[in-house]
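First the structure, in the form of structure tokens, and then the observations on it.
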Amino acid sequence: MTSTSARRPTRVATLPPRERILDAAEELFLNEGVVRVGVQAIADRAGTTKMAIYRHFGTKDALIAEWLRIVVHDYSAAFDAAEQAHPGDFAEQIRAVGRFIVDGLPEFSHRGCPFTNSVAELPDPDHPARRLISEHKTRQFGRLRAMCEGLGLADPELGAAELTFAMEGAQIAVQNGGVENVGAHLTKIVEGVVSRG
């Protein structure tokens, strides 16, 4: 089996310029952080120029926000898939979202959560990426709350908060180390919330 890194040059060479830039930015932002990575490093990784980056995105901040929109889309798609696979079965929807987080934990163990990492690096609450993350987290909490309401929890707000704290905490705990079997623990916590419905 060929590793992703070994296939990368061939794959990237076939991408249009905008996608090459996003691909390079994603890799660098995940591995090195959004502040530390400069536009020239992204251009070099993408095999393009700084001018091309500014032509496609305008500013580095806009590029960061666009990358995070892709990450947001992946999370939203997981919620959509859970609802579509289990219409009306709110317990299974919650379990499916929990599995999505558990399945992603190995990646978080060495890269961390892109939202948490970006928020930590961008202290300005008016930064476009910060606003995007805040809006995403508000929507995600609302969707969890709706699932908890559908499940019939006595306090759907509390149930959604427990799930949010557990899922986000698991992503941080697996990166920080010190807790073994994070995925198994998260699965049990999710099941504990579901069992109250």
Side-chain angles (χ1 to χ4, degrees), residues 3-13 15-79 97 100-141 164-180 182-183 185-186:
S3 71
T4 302
S5 59
R7 288 194 317 256
R8 185 182 188 285
T10 303
R11 177 178 56 80
V12 170
L15 293 175
R18 189 174 191 280
E19 282 69 31
R20 281 204 324 270
I21 293 165
L22 279 167
D23 182 89
E26 175 182 34
E27 183 177 8
L28 292 169
F29 290 159
L30 283 172
N31 289 323
E32 299 178 31
V34 295
V35 172
R36 183 172 174 220
V37 173
V39 174
Q40 186 62 57
I42 297 167
D44 292 345
R45 189 75 177 145
T48 189
T49 64
K50 288 170 67 172
M51 184 177 290
I53 293 174
Y54 292 125
R55 186 171 55 250
H56 285 286
F57 298 97
T59 65
K60 180 185 170 188
D61 287 342
L63 175 57
I64 294 168
E66 186 61 25
W67 163 60
L68 286 169
R69 269 189 205 88
I70 294 167
V71 181
V72 164
H73 177 269
D74 292 344
Y75 277 78
S76 297
F79 275 78
V97 171
F100 167 74
I101 299 298
V102 169
D103 291 347
L105 289 177
E107 186 173 337
F108 286 109
S109 68
H110 59 88
R111 291 180 166 177
C113 172
F115 300 125
T116 302
N117 292 349
S118 296
V119 166
E121 290 188 69
L122 302 169
D124 179 4
D126 291 325
H127 189 285
R130 286 285 299 259
R131 288 196 308 269
L132 182 99
I133 292 167
S134 178
E135 291 164 5
H136 161 65
K137 293 296 185 179
T138 299
R139 276 193 311 273
Q140 185 171 282
F141 184 81
T164 298
F165 299 157
M167 291 178 188
E168 295 196 6
Q171 292 172 333
I172 292 169
V174 77
Q175 179 187 15
N176 292 343
V179 179
E180 294 183 8
V182 174
H185 292 315
L186 176 57

**OP:** Kindly indicate, with the supporting measurements, whether the criterion side-chain contact (heavy atoms from CB on, under 4.5 Å) is fulfilled by I70 and E26.
**Re:** CA-CA 10 Å; I70 294 167; E26 175 182 34; 5.6 Å; no
Nearest 0.5 Å, please: how far is [atom2] in [Y] from [atom1] in [X]?
X    : Y    : atom1 : atom2 : result
E180 : H185 : CD    : NE2   : 8.0 Å
L22  : E19  : CG    : CD    : 6.5 Å
E32  : E27  : CD    : CD    : 9.0 Å
M167 : L105 : CE    : CG    : 10.5 Å
L132 : R130 : CG    : CZ    : 12.0 Å
I53  : T49  : CD1   : OG1   : 7.5 Å

**OP:** Kindly check if the number of other-residue, nucleotide or ligand heavy atoms within 6.0 Å of CZ (R69) is above 12?
**Re:** yes
Subject >> Within residues 43-64 or reaching into it, pairs that qualify as ring pair (Phe, Tyr, Trp, His ring centres under 6.0 Å) - sequence neighbours excluded >> reply: none
Subject >> Side chains of L28 and W67 in contact at under 4.5 Å (non-hydrogen atoms) >> reply: no
**OP:** Taking the side chain as every heavy atom from C-beta outward, state whether V174 and V179 have any pair of such atoms under 4.5 Å apart.
**Re:** no
Original post:
Where do V37 and A41 come nearest, in terms of heavy atoms and distance?
Top reply: CG1-CB, 4.4 Å
Original post:
How close do L186 and A170 get, heavy atom to heavy atom, and via which atoms?
Top reply: CD2-CB, 3.9 Å
Ignoring hydrogens and angles, write down the donor-acceptor pairs under 3.5 Å from the side chains of residues 113-127, residues two or more places apart or on other chains.
from	atom 1	to	atom 2	distance (Å)
N117	ND2	R111	O	3.0
N117	ND2	C113	O	3.4
S118	OG	P114	O	2.7
E121	OE1	V34	N	3.3
E121	OE1	V35	N	2.9
E121	OE2	V34	N	3.0
D124	OD1	D126	N	2.9
H127	ND1	A129	N	2.9
H127	NE2	D61	OD1	2.8

Original post:
What orientation do F100 and Y75 show, parallel under 30°, tilted 30 to 60°, or perpendicular over 60°?
Top reply: perpendicular
Original post:
With V72, which of E135, R139, Q140 fulfils side-chain contact (heavy atoms from CB on, under 4.5 Å)?
Top reply: R139
Subject >> Derivation and outcome, side-chain contact (heavy atoms from CB on, under 4.5 Å), residues H136 and V71 >> reply: CA-CA 10 Å; H136 161 65; V71 181; over 6 Å; no
